[in-house]
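What follows is a short report on a single structure.
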Protein chains: 2
Amino acid sequence: MKQRLAAIGTVEALPHRVAAFLSREIESGDLNPGSLLPTEQQLSEKFGVSRNVVREAIAQLRADGMVEARQGIGSFVLAPEQRAAIRIDRETLKEGQNMERLFELRCILEAESAALAAERRGQEHLDAIKAALDRMSGEERWEDGSIDADLLFHREIARATGNSYIHTFISFVCEQIRRSIYYARLTNPLHDLVEVNVGEHVRIYEALVAGDPAAAEAAMRAHIIGAADRVGVKLPTSRAQRADGRK
Amino acid sequence: MKQRLAAIGTVEALPHRVAAFLSREIESGDLNPGSLLPTEQQLSEKFGVSRNVVREAIAQLRADGMVEARQGIGSFVLAPEQRAAIRIDRETLKEGQNMERLFELRCILEAESAALAAERRGQEHLDAIKAALDRMSGEERWEDGSIDADLLFHREIARATGNSYIHTFISFVCEQIRRSIYYARLTNPLHDLVEVNVGEHVRIYEALVAGDPAAAEAAMRAHIIGAADRVGVKLPTSRAQRADGRK
DNA sequence: GCATTCCAGTTGTAGGATGATATGTATAAC
DNA sequence: GTTATACATATCATCCTACAACTGGAATGC
């Protein structure tokens with residue numbers, strides 16, 4: 001039986017599709033920890049791809065700590081305790097609506113991050129955030145320099161929460177978004193909107209200075225929704241509305 | 001010139017050795033971000049291995065976000081901060097207060113997840129969540145089976161948000177916490193608290209059935225704070241208080 | 001009964017062939 | 001001279017076959 005791999009119109013590479021399929025089977029429990037994966041030969045026939053492709057797919061699973069291959073025997077499914085990495089690959093990012101979901105996640109993390117930062121920030125944090133803001137405002141056009149400064153602004157806020165995990169996660173998510181925007185090569189007239197963008201950042205900064213968590217959260221939420229909008233991503237409004245209803 | 005690969009007493013596979021070598025070259029700055037890797041052919045000759053091995057090595061680097069391969073051109077070295085993967089190693093997890101930070105992150109993600117799920121859940125999601133809840137209540141003692149069911153409960157809620165990234169992040173964070181608890185081998189009398197734990201889950205479930213985002217969020221927040229407390233982790237109360245003030 | 005040998009199955013590696021894609025170049029048309 | 005088209009080249013992506021290394025168990029010999 002030849003398994004049809006998802007993704008008809010996509011451009012994903014074959015190894016990635018195979019890895020994604022197996023990964024889902026493991027996550028869903030169809031393949032129990034300790035059990036053996038089908039042989040490379042079988043998988044090759046099942047998916048209608050070469051053994052080479054299967055090997056690359058398994059190598060990816062192994063890198064993620066999901067399976068362990070042993071020569072002469074096969075690949076064992078490992079227990080989830082041993083997984084130590086989270087990964088978002090570019091192929092899945094390119095699939096249309098994923099951007100929307102990523103922005104949604106970012107909105108959640110950053111809104112709380114801003115609120116926490118408003119409570120916990122010290123003077124050195126404010127200084128670092130202000131420095132990033134100045135670098136951003138200095139640029140007349142929206143180009144690489146100001147994008148770096150923008151990211152730095154958000155990362156400094158995350159750092160001010162004092163929670164390194166929040167910092168790590170936000171850095172990661174922001175980087176994913178920046179990259180996918182870069183690859184999408186959006187041709188929007190972003191340059192005209194620099195003032196809007198800077199203005200949103202200023203409001204966040206002022207709320208942080210004031211030490212007002214609710215205001216910081218609201219300002220950040222508005223900023224993320226605006227940023228998503230500027231790259232053509234419409235966030236589901238329910239979250240925003242509920243947040244607005246609160247403040 | 002044939003390059004000698006490290007590996008004196010090692011038994012590591014060739015692709016891993018090649019990947020490690022290239023990885024070190026990138027880390028050390030010998031290969032600048034933006035530059036092209038040598039072609040597969042050249043690497044194959046340089047290391048004295050087959051192109052197949054080189055391809056698997058590059059696939060590994062790509063999976064870690066260190067390079068990006070583009071058909072017809074080559075593999076570009078990406079900037080180090082552009083990692084496509086997050087890794088959290090066990091050593092950092094063991095350091096005391098990291099648990100507290102991890103729970104804080106979990107609280108943020110899961111609270112919003114519950115709220116979103118309350119808005120978006122379909123009947124099949126409720127069924128899956130209920131099934132996990134039943135499995136959990138069925139157990140008399142707090143052991144592996146019920147821990148699995150507990151995790152499943154949370155992951156099913158995350159799945160009901162319809163946002164695969166939220167699902168991924170929550171699965172990851174929960175797994176990290178479960179793992180560190182497992183390794184810590186806490187000897188608390190957890191068994192006595194099963195009813196409390198199940199009760200908290202029931203309240204979350206009821207809020208989801210009712211489709212009440214605010215209630216779901218509050219119940220989840222209370223649950224996470226309680227769960228943290230039961231393993232001896234005190235969450236900073238500020239977040240919880242602010243949340244309470246809203247509902 | 002026990003050790004040894006052999007064999008089938010599986011992963012690991014090698015190397016070539018072909019398809020898909022990007023880039024540069026030369027040729028032709030205007 | 002400029003543009004456009006076609007071609008050649010370089011590279012990754014995939015497929016294929018073959019063989020080496022390793023494992024587990026079955027057959028064999030004693």
Side-chain angles (χ1 to χ4, degrees), chain A residues 2-22 31 34-63 65-78 89-92 94 182-183 185, chain B residues 2-7 9-22 31 34-78:
Chain A
K2 199 162 156 183
Q3 181 78 39
R4 280 196 74 92
L5 290 167
I8 295 184
T10 64
V11 287
E12 288 170 5
L14 289 179
H16 173 260
R17 282 195 245 168
V18 174
F21 187 94
L22 293 175
L31 289 169
S35 63
L36 269 169
L37 244 56
T39 68
E40 295 177 353
Q41 178 89 29
Q42 288 168 337
L43 290 174
S44 158
E45 290 167 4
K46 178 178 180 183
F47 294 118
V49 299
S50 77
R51 206 183 132 215
N52 235 322
V53 170
V54 172
R55 280 192 62 76
E56 280 195 33
I58 292 181
Q60 200 164 322
L61 296 183
R62 203 175 31 191
M66 301 180 79
V67 305
E68 183 195 6
R70 277 163 56 182
Q71 186 168 352
I73 306 182
S75 293
F76 292 89
V77 177
L78 291 180
D89 41 296
R90 251 184 299 290
E91 280 72 19
T92 49
K94 285 179 188 157
Y182 177 77
Y183 286 118
R185 294 275 182 206
Chain B
K2 200 164 156 181
Q3 181 78 39
R4 280 195 71 95
L5 289 168
T10 65
V11 285
E12 288 166 2
L14 289 179
H16 182 263
R17 281 193 246 168
V18 174
F21 187 94
L22 293 175
L31 288 168
S35 64
L36 270 169
L37 244 56
T39 68
E40 294 177 353
Q41 178 86 30
Q42 289 169 334
L43 290 173
S44 158
E45 290 168 4
K46 179 178 180 184
F47 294 119
V49 299
S50 78
R51 284 195 286 284
N52 245 327
V53 170
V54 171
R55 276 195 63 76
E56 281 196 32
I58 291 181
Q60 200 163 322
L61 295 182
R62 198 175 34 188
D64 279 340
M66 303 184 74
V67 306
E68 186 202 4
R70 278 161 62 179
Q71 188 169 346
I73 306 181
S75 293
F76 292 89
V77 178
L78 294 179

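Naming convention: chains lettered A, B, ... in sequence-line order (proteins, then strands); numbering from 1 in each chain.
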>> side chain to side chain donor-acceptor pair (under 3.5 Å) for Gln41(A) and Glu45(A)? Distances and angles first, verdict last.
In response: CA-CA 6 Å; Gln41(A) 178 89 29; Glu45(A) 290 167 4; 3.2 Å; yes
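Atom C1' of nucleotide dG12(C) and atom CZ of Phe47(B) are separated by 18 Å, given to the nearest angstrom. Atom CD of Glu45(A) is separated from atom C1' of dC15(D) by 14 Å (rounded to the nearest Å). The separation between Leu43(A) atom CG and dG12(C) atom P is 13 Å, rounded to whole Å. In this entry the distance linking CZ of Phe76(A) with P of dC22(D) reads 17 Å, nearest Å. Arg51(A) has its CZ atom 11 Å from the P atom of dT10(C), to the nearest Å. Here dA13(D) presents its C1' atom at 14 Å from CD of Glu56(B), a figure rounded to the nearest Å. Between the NE2 atom of His16(A) and the P atom of dA13(D) there is a distance of 14 Å, rounded to whole Å.
Remark: Ser50(A) is in phosphate contact with dC15(D), judged by side-chain N or O atoms under 4.0 Å from OP1 or OP2.
Residues passing the side chain to side chain donor-acceptor pair (under 3.5 Å) test with Glu40(A) are Arg51(A), Arg55(A), sequence neighbours excluded.
Here the side chains of Val53(B) and Val18(B) are in contact, with some heavy-atom distance below 4.5 Å. Side-chain contact between His16(A) and Gln60(A) is present, with heavy atoms from C-beta onward closer than 4.5 Å.
One distance of note links CZ of Phe76(A) with CG of Leu37(A); it measures 10.5 Å at 0.5 Å rounding. A distance of 8.5 Å separates OG of Ser75(A) from CG of Leu43(A), quoted to the nearest 0.5 Å.
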Pick out the pairs of N or O atoms, protein on one side and nucleotides 4-12 of chain D on the other, that lie under 3.5 Å.
residue: dT11(D); atom: O3'; partner: Ile73(B); partner atom: O; Å: 3.4
residue: dT11(D); atom: O2; partner: Gly72(B); partner atom: N; Å: 3.4
residue: dC12(D); atom: OP2; partner: Glu40(B); partner atom: N; Å: 3.2

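Residue Asn52(B) places a side-chain atom within donor-acceptor reach of the base of dG15(C), judged by atom type and a 3.5 Å distance cut-off alone.
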